[in-house]
Amino acid sequence: MNFEIKPTKIQGLIHIQPKVFGDERGYFLETYNKNTLKQLGFEEEFVQDNESKSKKGVLRGLHFQTKHTQGKLVRCTYGKVLDVAVDLRKNSPTYGHWESAVLDSNEKNMFYVPTGFAHGFLVLTEEAVFNYKCTDYYAPEYDGGIKWDDPQLNIDWKLKEYGIDSVTVSEKDLNLPYLEDLNIQFERD
Ligand SMILES: Cc1cn([C@H]2C[C@H](O)[C@@H](COP(=O)(O)OP(=O)(O)O[C@H]3O[C@H](C)C(=O)[C@H](O)[C@H]3O)O2)c(=O)[nH]c1=O
């Protein structure tokens, strides 16, 4: 099997480790295989692929769409990021809880963030290229989010551990609300 599914602390989040085939030429891996992942119980359909490049200390997020909610299969194809998902699902026992994963382009590891979560990442290396598949289309009219330093969420962005003195956040993200001012709960798909 070319993919290994690993458990997470929050139900619904999934760590996916593709098998990497190395030889004297370099390496090969399947980055997505609908049938193989279906055999592992992962049956999401994707409609849009995205890529972004950012410098160390850039923090994109925490984002969600209030309609056309997107499940995201995320990975880092250059450098390393700390990826964070926050559970906003209605009646979830882990509502308001977060889970993080270091996505490393050398490890090829992936993280699946289902609908109902806010998502963001912090770049840990000088540069990082971030690629992800989405289960629904971009719908800016339904763009929403939570500010990265929400004291109620108290996310450990590991800034000191990675020697990041200050984060670079877009104007839009700097003006995102805290969760307590949002009172948002997503119905489960
Ligand atoms: C997301 C997106 C953006 N755009 C355009 C809109 C802006 O002109 C430009 C940058 O958009 P934005 O600043 O929203 O990009 P990010 O801050 O990387 O947003 C993403 O960051 C976090 C980590 C996410 O999980 C979401 O996928 C997404 O919100 O790309 C598009 O044309 N299509 C798209 O799907």
Residues clustering with [X] (ILVMFWY side chains joined when closer than 4.5 Å, directly or via others):
| X | value |
| --- | --- |
| Leu176 | none |
| Tyr178 | none |
| Leu29 | Val20, Tyr27 |

Check: Which residues satisfy the salt bridge (Lys or Arg N to Asp or Glu O under 4.0 Å) test with Asp104, sequence neighbours excluded?
Finding: none
Whether the [X] and [Y] side chains hold a donor-acceptor pair (N or O, under 3.5 Å, no angle test) is what I'd like checked.
| X | Y | value |
| --- | --- | --- |
| Asn154 | Gln152 | no |
| Arg60 | Ser170 | no |
| Thr94 | Asp87 | yes |

State the [atom1]-[atom2] distance between [X] and [Y], to the nearest 0.5 angstrom.
| X | Y | atom1 | atom2 | value |
| --- | --- | --- | --- | --- |
| Leu88 | Thr66 | CG | OG1 | 12.0 Å |
| Thr69 | Arg188 | OG1 | CZ | 13.0 Å |
| Thr77 | Asn131 | OG1 | CG | 3.5 Å |
| Leu103 | Asn109 | CG | CG | 5.5 Å |
| Gln185 | Asn91 | CD | CG | 6.5 Å |
| Trp148 | Leu153 | CH2 | CG | 12.0 Å |

Can [Y] be reached from [X] by stepping across I, L, V, M, F, W or Y side chains whose heavy atoms are under 4.5 Å apart?
| X | Y | value |
| --- | --- | --- |
| Leu159 | Ile146 | yes |
| Met110 | Leu40 | yes |
| Val86 | Val102 | yes |
| Ile155 | Phe117 | no |
| Trp98 | Leu182 | yes |

[X] side chain to [Y] main-chain N or O, any donor-acceptor pair under 3.5 Å?
| X | Y | result |
| --- | --- | --- |
| Ser100 | Leu82 | no |
| Glu127 | Lys55 | no |
| Gln48 | Tyr138 | yes |

Notebook entry, point to check: Can you list the residues that meet the side-chain hydrogen bond (donor to acceptor under 3.5 Å, both in side chains) rule with Ser105, with sequence neighbours excluded?
Noted result: none
Return the minimal non-hydrogen interatomic distance between [X] and [Y], and the atom names on each side.
| X | Y | result |
| --- | --- | --- |
| Ser54 | Val123 | CB-CG2, 3.5 Å |
| Pro177 | Asp181 | CB-CB, 4.5 Å |
| Ala139 | Gln65 | N-OE1, 2.7 Å |
| Asn50 | Cys134 | ND2-SG, 3.6 Å |

All side-chain contact (heavy atoms from CB on, under 4.5 Å) counterparts of [X], not counting sequence neighbours:
| X | value |
| --- | --- |
| Lys56 | Glu126, Ile164 |
| Thr135 | Glu44, Phe46, Tyr112, Thr115 |
| Val47 | Tyr137 |
| Lys38 | Glu43 |

Next item on the list: Taking the side chain as every heavy atom from C-beta outward, state whether Tyr162 and Trp157 have any atom pair closer than 4.5 Å.
Entry: no
Notebook entry, point to check: Are the side chains of Val84 and Leu62 in touch, meaning some heavy atoms are under 4.5 Å apart?
Noted result: yes
Checklist line | Output field: ring centroids Phe121/Phe130 closer than 6.0 Å | finding: yes
Check: Where do Phe186 and Phe64 land on the side-chain contact (heavy atoms from CB on, under 4.5 Å) test, with the steps shown first?
Finding: CA-CA 10 Å; Phe186 286 101; Phe64 51 75; 3.6 Å; yes
Item checked: Pairs touching residues 17-33 that satisfy salt bridge (charged side-chain N to carboxylate O under 4.0 Å, His left out), sequence neighbours left out -> Asp23-Arg25
Note to self: Show every salt bridge (charged side-chain N to carboxylate O under 4.0 Å, His left out) that has at least one partner inside residues 150-178, sequence neighbours left out.
What the structure shows: Asp143-Lys172
N/O donor-acceptor pairs under 3.5 Å from side chains in residues 11-18, not counting sequence neighbours:
residue: Gln11; atom: OE1; partner: Arg89; partner atom: NH1; Å: 3.1
residue: Gln17; atom: NE2; partner: Glu107; partner atom: O; Å: 2.9

Notebook entry, point to check: For Asp83, which of His119, Lys72, Arg75 qualifies under side chain to side chain donor-acceptor pair (under 3.5 Å)?
Noted result: His119
Note to self: With a 6.0 Å cut-off (strictly less than), is the heavy-atom count around CG of Asn183, excluding the residue itself, greater than 12?
What the structure shows: no
Next item on the list: Apply side-chain contact (heavy atoms from CB on, under 4.5 Å) to Tyr32 and Leu37, showing your working.
Entry: CA-CA 8 Å; Tyr32 175 69; Leu37 288 169; 3.7 Å; yes
